[in-house]
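Structure first, then comments.
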Amino acid sequence: QVQLVESGGGSVQVGGSLTLACEASGYSVTSSCMAWFRGRAGAGNAREGVASIDADGSPSYAYYLKDRFTISRDNAKNTLYLHISNLTPEDTAMYYCVADGVNKAGGYDGSCLEKNYWGHGTQVTVSS
């Protein structure tokens, strides 16, 4: 059974930074593309891909977020990370860990070709 458990969210001030983690069980983080999505209340909670990493470790980002978001993984810990710097109120969202589960290659826009497994999310709130 695949489980993806996110952690690291919380309340932060504008300009701050944080690192989200996604611990996988029943699944290897190197076996297919993995990604971080977010759902913002101001966008009707529509989930948008922000960063992905393919099975070989190559990252991709939503073009408008590339400079502030960094995706990485620790293969030994079987954990995916997302570091966000220079946070703005527009980054307030529920952040979800996603695993493709099928395709090793990722998308080129911060997403994966398929999104077969989802975590429950971790909330990030940015205040001024």
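Numbers here simply count residues along the sequence, with the first being 1.
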### Query
Of the non-hydrogen atoms in Y96 and E6, which two are nearest, and what is the gap between them?
CA-OE2, 3.4 Å
## Note on the structure
To the nearest 0.5 Å, atom CE of M94 lies from atom OG1 of T122 at 7.5 Å
### Task
Calculate, to the nearest 0.5 Å, the distance between atoms CD and OG belonging to Q13 and S128 respectively.
8.5 Å
### Query
Between R68 (side chain) and S85 (backbone), is there a donor-acceptor pair under 3.5 Å?
yes
### Task
Verify whether one side chain among T125 and S11 offers a donor that lies under 3.5 Å from an acceptor in the other.
no
### Task
Give a yes or no answer on whether the side chain of D54 reaches the backbone of G106 with a donor-acceptor pair at less than 3.5 Å.
no
### Message
Rounded at 0.5 Å granularity, tell me how far OG in S52 sits from CG in D109.
### Response
7.0 Å
### Message
When you group the ILVMFWY residues by side-chain heavy-atom contacts below 4.5 Å and let the links chain together, are I53 and L82 in the same group?
### Response
yes
### Task
Could you check M34 against Y27 for side chain to side chain contact (heavy atoms under 4.5 Å, CB included), going step by step and ending with a plain yes or no?
CA-CA 11 Å; M34 293 194 71; Y27 175 85; 3.8 Å; yes
### Query
Honestly curious: do W118 and L113 fall in one hydrophobic cluster under the side-chain, below-4.5 Å linking rule?
no
### Message
Nearest 0.5 Å, please: how far is OH in Y108 from OG in S60?
### Response
8.5 Å
### Query
If every non-hydrogen atom of V98 is compared with every non-hydrogen atom of K115, which pair is closest and at what distance?
CG1-CB, 3.5 Å
### Query
Is the closest side-chain heavy-atom distance between V126 and T88 below 4.5 Å?
no
### Query
Quick one: do Y61 and Y95 end up in the same hydrophobic cluster if we chain Ile, Leu, Val, Met, Phe, Trp and Tyr together by side-chain heavy atoms under 4.5 Å apart?
yes
### Task
Verify, without hydrogens or angle tests, whether T19 (side chain) and H83 (backbone) share a donor-acceptor contact under 3.5 angstrom.
no
### Task
Please examine the side chains of T79 and V29, heavy atoms only from C-beta on, and report whether any two atoms are closer than 4.5 Å.
no
### Query
Taking all atoms of both residues into account, what is the closest heavy-atom pair of L4 and C22, and its distance?
CB-SG, 3.9 Å
#### Entry: Closest approach of A55 to R73 (non-hydrogen atoms, all atoms of both residues)
O-NH2, 2.8 Å
### Query
Do Y81 and W36 belong together in a cluster built from hydrophobic side chains that touch within less than 4.5 Å?
no
### Message
Same cluster or not: Y64 versus V124, using hydrophobic residues (I, L, V, M, F, W, Y) connected whenever any side-chain heavy atoms lie under 4.5 Å apart?
### Response
yes
### Summary
Rounded to the nearest 0.5 angstrom, the SG-CD distance for C33 and E114 is 10.5 Å
### Task
Could you tell me whether the side chain of R40 and the main chain of E90 form a donor-acceptor pair under 3.5 Å?
yes
### Task
Report yes or no: does N103 contribute a side-chain atom to a donor-acceptor pair with the main-chain N or O of A105 at less than 3.5 Å?
no
### Query
Between CG of D100 and SG of C112, what distance do you get to the nearest 0.5 Å?
5.0 Å
### Task
Dump the intermediate steps for side chain to side chain contact (heavy atoms under 4.5 Å, CB included) on V5 and H120, then the final yes or no.
CA-CA 7 Å; V5 180; H120 291 295; over 6 Å; no
### Query
CD of E23: more than 12 outside heavy atoms within 6.0 angstrom?
no
### Message
Any non-hydrogen side-chain atom of P89 less than 4.5 Å from a side-chain atom of V14?
### Response
yes
### Which atom of G26 lies closest to which atom of V2, heavy atoms considered
O-CG2, 3.6 Å
### Query
For R38 and A93, which heavy atoms make the closest approach, and how far apart are they?
CB-CB, 3.9 Å
